[in-house]
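First up is the structure itself, then whatever we jot down about it.
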Amino acid sequence: DVKVTQSSRYLVKRTGEKVFLECVQDMDHENMFWYRQDPGLGLRLIYFSYDVKMKEKGDIPEGYSVSREKKERFSLILESASTNQTSMYLCASRPSLATGANVLTFGAGSRLTVL
Amino acid sequence: QKEVEQDPGPLSVPEGAIVSLNCTYSNSAFQYFMWYRQYSRKGPELLMYTYSSGNKEDGRFTAQVDKSSKYISLFIRDSQPSDSATYLCAMSAYLSYGQNFVFGPGTRLSVLP
């Protein structure tokens, strides 16, 4: 089974701090995604990456950046955390469309609180 | 009209009941239909997915897709308290690019002992 690992389950940060959320997948998937999940708003796509060093903006990229230096690792960066970025952050991966089903496998989530 | 509609619940049933969870959608291009289970403060776990129309069964879980009605269902037989969670439906189009996953808001299910 694909395993998507988010290293930090719970984080508490202060406004203005730089925050790194790390995600690693172990099944050689080409595509990786970052979502945030908020009550009443559901899942919203922040960024996705379809290859190493490649990234594309999702629906709500403002205030976030990403890094994908290695195929298995996709990092979400909050350059200057704000209270409205308090949320559950979910990383997901998917195989290339040529080799696998167009379904997502999620990590356990990182719950970020910004004070 | 939203792309995916799902009754948010909450839905409470007694242990052993058959549970029916449903989503409707508007985009006829969707080909993959997924059901995720999400426990509180955890990430969504893929329960099962169906490609195109038809039924798929896995243990106590059955997924049905009716593309003509744009309606998908997840049935849980002999429901257990451990099934208490939020169930998300999700859809994507075949060969779609990264942004084309659409999620329902989730139905919160409680199975009472």
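Computation of the quantities below employed the complete heavy-atom set of this structure, encompassing side-chain atoms and omitting hydrogens, waters and symmetry-equivalent molecules.
- A:Q37 touches chain B through its side chain: at least one heavy atom from C-beta onward sits under 4.5 Å away, while N, CA, C and O do not.
- Note on A:Y89: it clusters hydrophobically with A:V19, by side-chain heavy-atom contacts below 4.5 Å among ILVMFWY residues.
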**Item:** Audit row: B:Y36, A:L104, side-chain contact (heavy atoms from CB on, under 4.5 Å) steps and yes/no
**Value:** CA-CA 10 Å; B:Y36 291 88; A:L104 292 175; 3.4 Å; yes
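- In this structure, B:K42 and A:R9 have side chains that are in contact, with non-hydrogen atoms separated by less than 4.5 Å.
- In this structure, the portions of B:P44 lying under 4.5 Å from any heavy atom of chain A include both its backbone and its side chain.
- If you measure heavy-atom distances from B:Q38 to chain A, the contacts under 4.5 Å come from the side chain alone.
- Chain A forms the most heavy-atom pairs under 4.5 Å with one residue out of B:R41, B:M91, B:E45, and that residue is B:R41.
- Hydrophobic clustering of Ile, Leu, Val, Met, Phe, Trp and Tyr side chains at less than 4.5 Å, counting indirect connections, unites B:I76 with B:V13.
- Counted within 6.0 Å of CZ on A:R44, heavy atoms from surrounding residues, nucleotides or ligands total more than 12; the atom is thus considered enclosed.
- Connection of A:L78 to A:L43 is not established within any shared hydrophobic cluster, with ILVMFWY side chains joined at heavy-atom distances below 4.5 Å, either directly or through further cluster members.
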**Message:** Walk me through whether A:F48 and B:F101 qualify under side-chain contact (heavy atoms from CB on, under 4.5 Å).
**Reply:** CA-CA 12 Å; A:F48 70 97; B:F101 287 93; over 6 Å; no
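- Residues A:Y64 and A:F33 fall into different hydrophobic clusters, defined by Ile, Leu, Val, Met, Phe, Trp and Tyr side chains chained together at heavy-atom separations under 4.5 Å.
- Cluster membership for A:W34 and A:F106, using ILVMFWY side-chain heavy atoms within less than 4.5 angstrom, is not shared.
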